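First up is the structure itself, then whatever we jot down about it.
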Amino acid sequence: MTTLDAAAASSATPSATTPVAPAPARRRRRSVEGRPRIAVAFTALFFVVLYLPIVVVVLFSFNSRKSLSSFESFSTRWYVQFFNDDALLSSLRASLVISGVAMVGSLILGTMLALALERVSSRPSRILGTTALVPLVTPEIVTGVAALLLFTGLGIKLSLMTVIIAEITFSISYVAVIVRGRLSAMSDDVEEAARDLGCTPFQAVRLVILPAILPALVASGLLVFALVFDDFVLAFFTTGVDPQPLPVRIYSQIRLSISPAINAVGTCMMLVSILLIAFSLVVPRLFGRRDSGLDLISGG
Amino acid sequence: MAASTRDTDVEPTRTRRSASHTRLWGWLLLPPAAWMMAFFVSSIIIVVLLSFGHVGPTGRPVFGASGANYAALWNETYLSVFLRSVVYASLTVLLCLLIGYPVAYTIALHGGRYKNALVAALVIPFFASYLIRMYAWSTLLSDEGLVNQALRWFGLSEGVRFLNTPGAVVAGLTYGFVIFMVLPVYASLERMDLALIEAGKDLYHGPLRTFFAVTLPATRAGVLGGVLLVLLPALGDFVSAQLLGGPSTFMIGNLIQQQFFESQNQPLGSALTVVLMIALLVFMVFYLRSTDRQRRES
Amino acid sequence: MTHPASGTPVPDDVAIRLVGLTKRFGGTTVVDHLDLDIRKGEFFSLLGPSGCGKTTTLRMIAGFSDATEGSVVLGGTDVTSVPPHKRNVNTVFQSYALFEHLDVAGNVGFGLRRKGLDKAEIARRVTEMLELVELGARSKSKPRELSGGQKQRVALARALVNRPEVLLLDEPLAALDLKLRRQMQVELKNIQREVGITFVFVTHDQDEALTMSDRVAIMNSGVIEQCGTPEDVYERPRTAFAAGFIGTSNLMTGTYSGGELTLAPGITVPLPGHPDLVDGSTTSIAVRPEKIWMYEFEPAMVRIAGTVVATVYHGATTQYLVDVAPDVRVTVLEQNLVRSRNEDRWADGDSIELGWQPDHAVVIH
Amino acid sequence: MTHPASGTPVPDDVAIRLVGLTKRFGGTTVVDHLDLDIRKGEFFSLLGPSGCGKTTTLRMIAGFSDATEGSVVLGGTDVTSVPPHKRNVNTVFQSYALFEHLDVAGNVGFGLRRKGLDKAEIARRVTEMLELVELGARSKSKPRELSGGQKQRVALARALVNRPEVLLLDEPLAALDLKLRRQMQVELKNIQREVGITFVFVTHDQDEALTMSDRVAIMNSGVIEQCGTPEDVYERPRTAFAAGFIGTSNLMTGTYSGGELTLAPGITVPLPGHPDLVDGSTTSIAVRPEKIWMYEFEPAMVRIAGTVVATVYHGATTQYLVDVAPDVRVTVLEQNLVRSRNEDRWADGDSIELGWQPDHAVVIH
Amino acid sequence: GFSGGDATASASASGASASLAPAAKATIDGDLVYFNWAEYLDPDVLKGFQKEYGVKIIETNYDSYPSMMAKLSSGNEYDVVFPGSKEVAQLRAASKLQRIDKAQLKNADQVFGVNPYFDDPWYDSKSDYSVPFTMYKTGIAYRKDKVTTMSGSWNDMWNTSASGHIFVLDEADEAIGMAALKLGLDINTISPDDLAKIKEALLAQKPLLRGYSTDDINNMAGGNAWIHHMWSGDFLNLVNNTVKDPGNYEFLAPKEGTPLGSDTYAIPANAAHPGTALVFIDYLLRPENIDKNVTYLGYPMPTKSSAAAFAKVSEGHPACTVTVEDLGRANVFKTQTPEGKAARDAMWTEVKAS
Ligand SMILES: Nc1ncnc2c1ncn2[C@@H]1O[C@H](COP(=O)(O)OP(=O)(O)OP(=O)(O)O)[C@@H](O)[C@H]1O
Ligand SMILES: Nc1ncnc2c1ncn2[C@@H]1O[C@H](COP(=O)(O)OP(=O)(O)OP(=O)(O)O)[C@@H](O)[C@H]1O
Ligand SMILES: [Mg+2]
Ligand SMILES: [Mg+2]
């Protein structure tokens with residue numbers, strides 16, 4: 001016989017010996033019954049319009065003529081041209097270098113900033129910290145103009161380096177905001193638990209905090225990479241004699257006469273970004289989080 | 001008599017850290033703060049200083065202390081560019097809200113199982129080059145472009161002039177920045193307690209009334225954030241006007257770019273930039289005020 | 001009037017009638033052919049474990065969720081396909097669901113404004129209702145400035161002010177801490193007595209259901225296992241589930257034979273007065289811990305020997321764990337009427353006798 | 001050895017000694033000159049309302065927070081200025097604070113790795129500890145795959161595996177639901193008995209403190225109001241706060257005169273056996289609801305008349321509210337030993353007599 | 001950097017020293033930093049150079065001459081640039097170019113000694129600092145199927161029957177030049193009266209315009225433009241490579257005269273690899289490369305042997321032809337005084353902004 005304690009019958013009492021599934025967490029219903037057809041139709045239309053130019057880019061990248069308004073027949077000549085165009089390729093390379101270096105640099109500085117902002121409460125440091133977030137709300141043209149004047153004013157030659165510096169300055173804030181969101185969602189207790197278990201403050205950061213914010217680092221790193229890779233305005237103002245970043249090159253072509261090879265470039269860029277996004281969705285899963293990098297990007 | 005209970009107070013949130021701890025983290029602030037000082041704050045200061053300078057005889061910018069640039073801006077042409085930019089940006093914000101809110105709402109509340117996929121689908125195009133997408137629009141909307149070809153094919157119209165109009169510029173801006181409206185609104189809808197909507201209906205409000213009386217106010221923070229995130233880049237943009245605009249769609253961004261790269265009048269360009277910054281600062285202060293009030297109330 | 005599905009007329013004193021109410025999500029049936037009458041002015045509780053379908057039932061009554069089958073009759077009218085904003089029913093949500101952008105008075109008056117009442121009337125009724133829930137002084141506060149208990153009262157006032165036929169409450173006290181919950185239980189009960197509105201109250205806290213309700217329905221996996229007064233369901237549980245879900249119960253299973261239940265070889269419990277039981281059948285009985293005596297037995301009592309294995313002091317009561325057979329442990333509750341003088345009556349390992357009145361051993365079917 | 005501040009040697013069997021321990025935040029004193037000895041192997045509870053300084057005290061013992069004044073002596077050594085990672089103390093956090101990126105074994109072995117033990121030894125001790133908390137089979141699971149109770153046990157194992165002198169537990173069960181909490185209380189107590197480590201347990205649940213602890217300290221506004229065994233603090237509360245915070249207490253205040261307490265003109269309660277009380281002084285007594293009899297009085301009992309105003313059925317017990325004087329309402333608890341036959345003994349409005357043994361009326365100072 | 005006061009002194013000092021420095025030798029001394037319009041040389045020619053000499057070409061583009069000047073004046077180091085004649089004059093005056101020793105160019109005879117005009121052009125006395133590249137003409141392109149009322153004058157840019165389908169090049173000089181020629185004024189005028197008249201004409205034109213743009217080829221091909229202010233080479237590109245129905249397009253050199261110009265090869269004073277730059281220019285002057293570039297660009301070059309190649313690309317469009325004789329006859333954009341330039345820029349900005 002048994003002593004039935006409240007509802008031993010209702011659910012297998014989580015006894016210690018039998019492993020139980022996670023307690024049925026109180027689910028929040030996240031949808032409303034009944035779908036308003038108009039809203040769904042509107043959203044569908046929105047996605048059609050959103051993807052229309054992209055479809056055009058992909059389509060015309062396979063056009064056999066130079067025309068961008070009438071499709072003649074299928075051909076891969078623009079891809080061939082793209083992969084034989086040294087200037088385009090070197091721009092692509094330059095963009096990859098800029099994005100990569102800016103990503104690493106802004107990850108390091110932005111994570112430092114996020115940690116400090118989350119932990120330091122003194123007034124001057126908070127003001128400093130807030131200043132670092134201003135680029136987030138400054139139009140790029142202002143940042144670009146300011147960077148150009150700063151570099152030429154100091155007599156610094158414009159080069160890939162200046163582009164990278166400007167891009168890092170602009171990206172730090174993104175990293176800081178995303179990483180900080182993760183940090184503040186993390187209980188202080190975790191860090192104290194590490195100290196309690198014999199970690200010095202530094203070890204606590206290395207062994208506990210960094211692993212815990214890794215998904216945020218991955219997400220913000222990918223976001224920064226993608227943003228910098230596509231950034232035109234800052235690069236336009238700060239680029240020098242080195243091979244121009246891809247967007248700047250595209251811009252100088254657009255202003256004169258565009259070659260459909262650009263559509264091939266665009267198609268390739270989009271493929272890469274889809275891969276990046278898929279990656280950022282998958283990576284947090286690898287670390288077993290239910291939240292994805294996308295939630296972080298979308299601020300969810 | 002039985003011990004009485006009172007309403008337990010809402011527990012105060014608190015941060016608890018020892019002083020030595022804080023000092024350690026303080027050092028971490030140093031490198032990013034130094035970086036921002038060296039490359040951001042100082043550059044903004046240079047812009048402000050140069051806006052009081054003039055162009056030297058060799059075409060180089062020279063620092064000075066005259067307000068001539070600002071005086072030069074005070075004429076009908078420049079004022080009308082400012083006015084136009086503000087109008088375009090405001091229309092863009094409005095359109096983004098009208099388009100972005102229903103989309104965010106549908107995804108957040110009716111996305112069901114596809115929610116994450118839809119958000120991903122939303123983000124992907126915005127990582128494909130902005131310039132290329134804009135250019136694609138210009139070819140799509142051209143008089144003999146696909147859209148007009150389709151209209152003619154369906155016999156709907158003899159061709160509409162989309163391109164090189166103010167409408168095209170605003171549409172381009174909207175297309176470019178609508179995601180900055182969708183994402184914060186989506187996030188705030190996700191955070192919202194859905195019981196609120198039911199509470200509205202429970203209290204005799206039909207679906208539409210519930211939306212305006214309950215849902216919209218509950219997502220105010222997201223809407224305000226979206227407004228700011230759209231307004232800022234829209235006001236500074238010069239690509240949309242350049243690629244999709246006509247003869248009379250010049251915006252502040254174009255003007256600044258013109259001064260820096262065509263006329264090579266950097267001091268005047270700096271003055272324009274400063275004015276743009278001040279205009280945005282006004283919006284920022286307004287935004288911070290309203291979110292701050294919200295925070296103080298909590 | 002006549003109910004379309006049941007065919008029988010709905011009596012005047014029935015506030016809600018559920019007829020064969022069923023809800024399926026995809027393939028799974030979450031609420032399964034519920035038939036239930038709730039009387040006017042009644043404090044009716046739906047009690048059951050998490051996921052048993054309580055919320056779903058409530059949501060179908062309120063109209064937030066469509067019934068897959070069956071119908072909901074409110075005050076004699078079939079409202080199965082009436083949208084929520086047209087039902088004369090109000091809900092108090094577990095999360096309160098207060099409108100953050102409105103102050104307390106704005107929240108409470110929210111429903112009245114839609115009813116087209118004039119401003120003075122609205123103000124009068126809001127004030128009156130805030131007095132009732134003792135929040136008269138906070139009418140200008142925003143929800144986030146209120147404590148949990150105060151929010152709860154605003155949510156209540158917001159619903160009650162509309163004078164609905166029925167008030168639905170979905171675990172309204174679950175988010176409050178124990179002490180506050182006790183206090184709000186008393187207040188809620190008083191308010192219900194005062195306004196006389198039918199309350200349908202969802203909870204998974206059995207003590208809450210027992211102390212507050214006129215009637216309790218015990219739900220499990222979408223069906224109602226037992227429905228009756230608190231005494232009914234506590235003292236005379238009809239199923240093992242009901243016995244176990246409400247309070248603690250000593251469930252003893254054995255073989256019935258000639259007025260005795262054999263728990264283990266040589267260990268029998270007298271079980272008189274059950275002529276309906278078949279000899280040799282496996283039978284379970286449930287005895288509440290507080291119904292078991294440890295001394296001063298009365299003549300008619302059933303008696304059984306056991307060994308004390310643990311004593312847990314709870315302040316007002318002491319709990320004894322007594323082994324009456326290998327693997328058969330019985331919990332006995334004793335009020336500490338005289339505790340401070342005799343201290344523990346028994347030490348662990350003592351052999352004692354337990355006894356209970358025959359009709360306190362409920363046979364579980 | 002001699003303690004620097006107190007000057008008296010710390011006995012061998014004292015695990016923790018707090019000497020004048022004080023914490024101020026800005027101007028407010030949160031912990032106020034605490035003096036306390038906690039013995040080795042003891043299950044010691046700190047019980048008090050929210051904000052009374054329990055967590056702060058614990059954090060000073062663990063070293064996360066610096067004492068403003070006073071000192072902490074652990075196992076005879078003053079550790080007041082030793083950083084947390086060098087104190088032989090471990091903590092179980094309310095939020096569990098498990099490391100999400102490590103599996104169960106990784107979490108449990110975390111502290112051992114910091115200590116530089118070799119791998120085989122770590123694995124051995126981790127396995128052993130997981131067996132103890134009955135999670136041997138889940139060593140490769142990630143924390144998020146565990147239920148609340150399992151997480152709790154991992155947090156416990158992670159702390160215990162380091163064999164600390166003292167284990168600090170800050171409301172470790174607060175996040176669990178009632179059922180699971182009850183179960184974990186038993187397990188926690190068993191584990192403590194098994195390992196014999198000193199537990200300092202923070203809670204604001206009085207039942208938890210009473211059932212689990214060897215000794216309980218009742219804290220209020222930074223000071224300890226009373227410290228003793230569960231029976232001590234429950235049966236002989238020394239202050240009105242202690243009487244009210246643990247369980248329910250009927251507090252009656254009146255004027256003492258010649259062995260009687262006058263609650264209201266004409267209404268007196270006998271209060272024999274208190275020669276120390278001065279005639280004419282205002283005096284309070286506390287009587288527990290379960291100590292009040294309603295019939296079958298014994299000869300030595302104090303008796304007082306009253307009127308039943310409410311009866312609340314709780315299943316195992318019934319609670320009666322009885323007015324003995326205007327504004328003096330007494331709660332009486334009765335175990336439903338025979339409920340199902342006689343039902344309510346009294347109806348609301350009945351005049352009855354209450355009685356209690358004189359030494360169950362505790363005089364509150 | 002910026003100067004705290006007027007920096008003329010230091011600028012001219014450094015310029016003086018540069019002009020005294022010995023000209024570079026045509027030997028490979030590093031990779032080539034190349035600064036040009038996008039796609040303004042046949043990619044095959046560039047590829048051939050890299051292959052033949054084993055060096056890399058690091059390509060950077062500008063989208064207008066002013067922005068090229070902006071980048072040059074911000075101190076960027078390029079090895080070879082392609083300035084227009086007006087820019088050469090400006091750069092030479094500012095001592096931003098290196099002297100080119102003709103003896104270093106094996107193929108110098110392809111361009112020098114062919115036309116007296118280029119042996120001593122107005123923008124660069126004795127062609128000491130630049131080598132002639134292409135010649136161009138700015139005229140009007142139009143759709144024969146859409147517009148039938150062309151008069152052969154600059155007034156066609158104000159043709160109301162193409163209202164909403166007219167584009168003007170988005171360049172201050174070109175736009176001002178167009179209006180000046182229509183009004184019978186000097187295209188280089190800086191007189192306030194003239195500029196006021198020009199402004200008035202440009203503003204009057206605005207309601208008829210579809211836009212200001214340098215993307216002339218796509219504007220025509222996309223059908224938005226019926227009348228386009230256009231460079232001759234772009235027109236040939238349009239009809240030869242872009243559209244399916246070249247017969248519908250026509251180029252017109254207005255009777256008031258057209259702005260004419262020539263581009264050059266030049267080496268900036270601060271070039272890091274002037275030797276490679278010289279080798280590169282010499283390579284471009286090889287007759288076969290000249291022919292390839294003429295065919296690719298659609299612009300004639302003032303060289304000994306390229307006439308045949310140009311005749312081939314410009315077949316059927318005689319108006320696209322530019323001859324050296326034309327160049328001699330005025331209508332060439334020249335350098336203005338700083339004040340004059342500022343006045344023209346300000347006027348242009350106001351036209352665009354209003
Ligand atoms: N929208 C839905 N889609 C699918 N299944 C659902 C949905 N809503 C509820 N369910 C399922 O129906 C069952 C009953 O849910 P319900 O919310 O009614 O339970 P409940 O008794 O209120 O439980 P709790 O005490 O946890 O609130 C659950 O198993 C739940 O998973
Ligand atoms: N870092 C801090 N700064 C200022 N005040 C603090 C700080 N930490 C705690 N306090 C205050 O000290 C008091 C005691 O806090 P403590 O956390 O010790 O309470 P507690 O007894 O653990 O309460 P609970 O049961 O709510 O956990 C509270 O009033 C709290 O507001
Ligand atoms: Mg529910
Ligand atoms: Mg605490």
Side-chain angles (χ1 to χ4, degrees), chain A residues 3-26 121 182-183 185-218 283-291, chain D residues 59 62-65 83-103 107 109-116 133-138 141-151 153 155 158-159 161-162 164 168 170 176-180 182-184 187:
Chain A
T3 294
L4 280 185
D5 204 49
S10 72
S11 64
T13 312
S15 91
T17 41
T18 50
V20 288
R26 284 197 153 257
S121 46
R182 180 89 224 165
L183 275 176
M186 208 171 93
S187 140
D188 297 351
D189 291 350
V190 173
E191 190 188 338
E192 282 184 356
R195 301 268 283 129
D196 188 63
L197 294 168
C199 287
T200 62
F202 174 72
Q203 285 172 330
V205 171
R206 185 166 59 86
L207 295 172
V208 173
I209 297 184
L210 284 185
I213 61 174
L214 196 61
L217 293 182
V218 172
V283 162
R285 296 249 158 88
L286 296 183
F287 296 97
R289 315 256 168 182
R290 266 186 300 110
D291 52 354
Chain D
R59 289 168 55 76
F64 299 133
S65 184
H85 60 283
K86 291 187 179 148
R87 296 192 190 191
N88 196 6
V89 162
N90 286 107
T91 308
V92 175
F93 296 85
Q94 176 176 345
S95 59
Y96 317 136
L98 298 183
F99 306 133
E100 293 286 338
H101 62 290
L102 298 176
D103 62 12
N107 267 281
F110 191 90
L112 296 179
R113 280 196 298 280
R114 294 284 93 230
K115 283 188 174 171
V133 298
E134 304 184 344
L135 280 174
R138 306 301 305 261
S141 307
K142 284 288 176 76
R144 91 199 85 81
E145 297 162 9
L146 302 178
S147 70
Q150 290 172 326
K151 280 187 196 164
R153 288 197 293 253
R158 183 177 69 176
V161 77
N162 304 295
L168 308 175
D170 192 357
L176 305 181
D177 70 28
L178 192 70
K179 212 183 288 175
L180 196 51
R182 287 278 140 75
Q183 189 194 344
M184 283 302 299
E187 287 185 24

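These figures come from a predicted structure and were not determined experimentally. In what follows, chains carry the letters A, B, and so on, assigned in the order in which the sequence lines appear, proteins first and then strands, with residues in each chain numbered from 1.
- Distance alone, capped at 3.5 Å, is enough to place a donor-acceptor pair between the A:D196 side chain and the D:T91 backbone.
- A 4.5 Å side-chain heavy-atom check between D:F99 and A:V190 finds at least one atom pair inside the cut-off.
- Residue D:L112: no heavy atom, backbone or side chain, is found under 4.5 Å from chain A.
- Annotation: maximal heavy-atom pairing with chain A below 4.5 Å, among D:G63, D:G111, D:G136, D:S141, occurs at D:G111.
- The shortest distance between side-chain heavy atoms of D:L146 and D:R138 falls below 4.5 Å.
- At least one donor-acceptor pair under 3.5 Å links the side chain of D:K115 to the backbone N or O of D:N162.
- Side-chain N or O atoms of D:R153 include one that pairs as donor or acceptor with a backbone N or O of D:V133 at under 3.5 Å.
- A:A204 does not touch chain D: none of its heavy atoms, backbone or side chain, sits under 4.5 Å away.
- Most heavy-atom pairs under 4.5 Å with chain A: of the set D:R158, D:R87, D:R114, D:H85, this distinction falls to D:H85.
- Residue contact with chain A, scored on non-hydrogen atoms closer than 4.5 Å, is absent for D:R113.
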